[in-house]
Protein chains: 2
Amino acid sequence: MMRIGYILAGARQLLTMRGLAGPRRGRNLGSLGIIEDGALLVRDGRIAAVGSTADIMRRYGRHRAVVDAAGKVVAPAFVDSHTHLAFPAPRLLDYEMRIAGRSYEEIARAGGGIYSSVERVRAGCEGELRSNILYFAQQALTYGTATIEVKSGYGLDTESEIGLLEAIRDVGRVVSPELVPTFLGAHLVPRDSSRRTYVRRVIEEMIPRVAAAGLAEFCDVFCDRIAFSVGEAEQILTAAARFGMKAKLHGEQLARTGAALLGARLGAVSVDHLERAGPKEIRALARSQTIATLLPGATFHLGRHDYAPARALVDGGAAVALATDFNPGTCPTLSMQMILSLACTEMRLSPAETMAAATVNAAYAVGRGERLGRLDAGMQADIAVFDVEDYREIPYYFGMNHCWMTIKRGRIAWSREGFTTDEHG
Amino acid sequence: MMRIGYILAGARQLLTMRGLAGPRRGRNLGSLGIIEDGALLVRDGRIAAVGSTADIMRRYGRHRAVVDAAGKVVAPAFVDSHTHLAFPAPRLLDYEMRIAGRSYEEIARAGGGIYSSVERVRAGCEGELRSNILYFAQQALTYGTATIEVKSGYGLDTESEIGLLEAIRDVGRVVSPELVPTFLGAHLVPRDSSRRTYVRRVIEEMIPRVAAAGLAEFCDVFCDRIAFSVGEAEQILTAAARFGMKAKLHGEQLARTGAALLGARLGAVSVDHLERAGPKEIRALARSQTIATLLPGATFHLGRHDYAPARALVDGGAAVALATDFNPGTCPTLSMQMILSLACTEMRLSPAETMAAATVNAAYAVGRGERLGRLDAGMQADIAVFDVEDYREIPYYFGMNHCWMTIKRGRIAWSREGFTTDEHG
């Protein structure tokens with residue numbers, strides 16, 4: 001019984017993220033709890049022990065298999081806490097038109113924009129959609145991501161939204177990364193419905209059905225100028241809470257609306273975007289347990305430079321997470337490493353702060369902070385190994401993939417060498 | 001005899017770049033000469049025929065091996081025409097200090113900056129340097145790059161500069177990508193020499209010795225506020241020309257100095273950077289055969305947004321190429337795919353324009369336009385295969401690596417599946 005499991009040994013740097021948990025989580029982002037020449041024992045899908053390679057080998061090495069991470073960086077696998085990964089097709093038309101300087105309205109008239117994704121979902125593309133979810137989830141794994149939040153929101157009617165969440169659930173059963181489902185019926189007002197009718201349908205029809213089928217852990221609302229008001233968001237999230245779904249918000253992206261204050265007041269798990277957040281929003285988030293999730297990839301891909309005030313949020317005491325916002329219109333990247341590069345270069349977060357924001361804080365942003373995001377005894381063994389000598393090289397060598405191995409619940413789910421282990425890792 | 005070689009078949013899009021060669025090269029960047037369901041015959045390291053899969057299979061398919069590129073994009077391998085790849089170590093200190101808002105001077109005082117690389121080279125780091133060149137060159141291959149220009153310039157004395165060029169030559173003999181050596185003794189004035197003495201040493205000592213040993217094809221000068229004047233650059237490049245080395249210039253990066261006009265007048269192969277180029281520089285380049293090489297990665301990594309006027313250069317008739325500028329201080333990326341994303345998003349070039357700029361025009365920027373950068377009968381078989389359905393997805397899905405296979409002189413030099421072929425491709 002003592003000999004089950006395996007040892008991951010010889011890490012040049014093992015990033016434990018010790019000290020970043022608890023009520024002060026994510027508020028001391030610089031201290032990654034690095035063990036040099038570190039090792040850990042993986043047993044029953046969990047981390048059973050962490051320490052120096054010499055110590056772990058002496059205590060547990062006899063008769064146990066060793067995976068050699070010699071000279072590499074071992075870190076908690078990334079948690080991508082905000083994606084719209086369940087989409088039917090890339091939007092290359094939008095991309096070319098935006099590069100050519102066309103407006104959102106012109107793109108929509110030419111058959112692009114978010115409603116083109118909605119139309120495709122409604123026209124029935126279950127196979128395409130499921131294939132994409134599977135492909136994207138497995139691809140994310142090769143960049144070191146082992147947990148992915150996935151939102152609905154391209155259906156905008158009851159059957160289509162439920163169809164999206166069922167696709168996420170079904171594919172989630174077969175892919176290696178854990179998919180965390182979020183109901184985002186309140187993404188936009190559909191073109192075939194009035195605002196008032198649609199909000200009522202979300203509250204009275206969609207939320208009860210999604211909850212009854214257990215299809216979503218979180219309810220999210222796009223609370224902004226072009227989408228839903230703070231009042232509507234509060235109605236929707238309050239209704240969702242009655243059905244056991246925790247709140248998330250898209251807020252302060254295009255306009256400063258008060259979404260962040262609402263999120264803090266409602267105890268939302270996270271408020272995401274925050275490009276327009278000012279001192280008042282930062283203070284409210286700092287006083288709350290709500291995670292401030294920043295999505296620099298969307299600012300980048302839209303060719304804008306008005307990034308969220310990450311430095312002020314961290315310095316002001318908010319718990320900041322980073323996520324991709326993977327979606328076909330505003331952020332087509334699955335690489336958390338690229339997001340770290342953007343956060344360092346454009347937001348002036350330190351490499352250490354970005355690593356913490358993408359692991360321990362991101363785990364809290366999907367309600368899994370006690371299980372994921374740190375490499376400590378008792379935590380789930382979700383681990384990424386990077387082929388660099390120093391963790392700072394991960395954002396530094398930008399636009400590249402440094403991931404060498406991704407471990408999910410103790411199982412080697414992907415490795416650059418091509419081998420994986422089975423479910424008993 | 002007719003059965004040697006192999007067929008690469010079934011490409012969803014085969015980008016020939018036909019029509020982009022000749023005296024109007026790179027001035028009609030939108031037309032990539034795409035063959036849908038395309039194939040090509042590789043024989044003796046060259047492309048022997050190109051056409052539809054049906055046509056190529058009918059004419060050459062009997063008894064020939066077929067590499068299946070089904071559903072993928074086949075393009076000329078990238079030519080990275082501007083790198084400082086021969087450096088001893090990453091400069092993580094510079095990176096963290098710059099993120100924290102420290103000035104160039106503060107970084108230099110703390111032991112960072114370009115002179116720290118120079119000190120390390122002069123202290124003797126031949127093994128480290130050769131290991132890095134080998135590692136970086138092979139890594140670039142996995143991102144679809146098969147030809148890499150590499151500059152000296154971290155020695156700044158005769159022996160050290162020659163040592164760098166020898167390292168590039170020696171490692172170039174064993175790596176798969178072709179390394180194109182450029183002498184950049186005139187990178188900066190070293191701290192232990194006066195400007196006047198150093199320029200004389202470059203001209204009278206370094207250039208003759210580099211030429212006698214056949215160590216460089218090109219001579220480059222960093223012509224800018226903090227480096228060498230237009231007058232000094234002209235002296236150096238004129239001396240190099242007498243020894244058979246063609247001219248390149250770093251110009252108009254930090255200040256508008258007249259370097260682009262000098263380059264056009266001297267018939268330089270390329271003028272690189274051009275962040276400060278105005279209408280006069282654009283007109284001069286458009287009238288010349290000099291390639292305007294843009295390096296958006298450096299602007300990005302420095303956290304700046306004053307990108308070179310790419311749109312005006314292309315629209316004004318200049319032949320624009322894109323390169324990484326890979327170096328430890330201002331651009332630590334080897335991914336040409338990332339450079340394409342930056343050029344689309346930040347410079348408003350179309351995906352088609354960026355593909356042409358990174359292949360056919362980049363080949364001209366290293367004097368190899370008649371041999372590389374296009375997939376046409378008679379061209380060298382330097383090919384990249386991307387695991388996407390449409391070439392526009394290469395810049396669109398940013399920060400990711402879409403390369404699936406890289407072929408150099410007909411040889412499969414790298415593939416995601418792990419297999420390679422031998423020298424007789």
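To find a chain, count down the sequence lines: A is the first, B the second, and so on, and within it residues start at 1.
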If we define contacts as heavy-atom pairs under 4.5 Å, which of [options] has the most with chain A?
options: Ser335(B), Pro351(B), Gly418(B); answer: Pro351(B)
options: Pro332(B), Pro395(B), Gly399(B); answer: Pro332(B)
options: Leu342(B), Leu349(B), Thr333(B), Asp390(B); answer: Thr333(B)

**Study point:** Electrostatic pair Arg311(B)-Glu353(B), nearest N-O below 4.0 angstrom
**Key:** yes
Check your understanding: Do the charged groups of Arg120(A) and Glu128(A) touch, with an N to O distance under 4.0 Å?
Key -> yes
Check your understanding: Can you say whether the rings of His301(B) and Tyr396(A) are parallel (under 30°), tilted (30 to 60°) or perpendicular (over 60°)?
Key -> perpendicular
Exercise for review: Can you label the angle between the Phe78(A) ring and the Phe386(A) ring as parallel, tilted or perpendicular, going by 30° and 60°?
Suggested key: tilted
Proximity breakdown for [X] and chain A, heavy-atom pairs closer than 4.5 Å:
X: Asp94(B); result: neither
X: Tyr95(B); result: side chain
X: Ile339(B); result: neither
X: Glu393(B); result: both
X: Tyr143(B); result: side chain

Check your understanding: Which of the residues Arg91(A), His305(A), Glu96(A) is involved in the greatest number of heavy-atom pairs with chain B at under 4.5 angstrom?
Key -> His305(A)
Practice item. Below 4.5 Å from any heavy atom of chain B, which atoms of Phe300(A) appear? Answer side chain, backbone, both or neither. Key: both
Point to revise | Ring centre gap for His84(A) and Phe326(A) strictly below 6.0 Å | key: no
Practice item. For residues Ser415(A) and Ile412(A), determine if any side-chain heavy atom of one lies less than 4.5 Å from a side-chain heavy atom of the other. Key: yes
**Study point:** Pair Trp414(A)-Gln138(A), side-chain donor/acceptor within less than 3.5 Å
**Key:** no
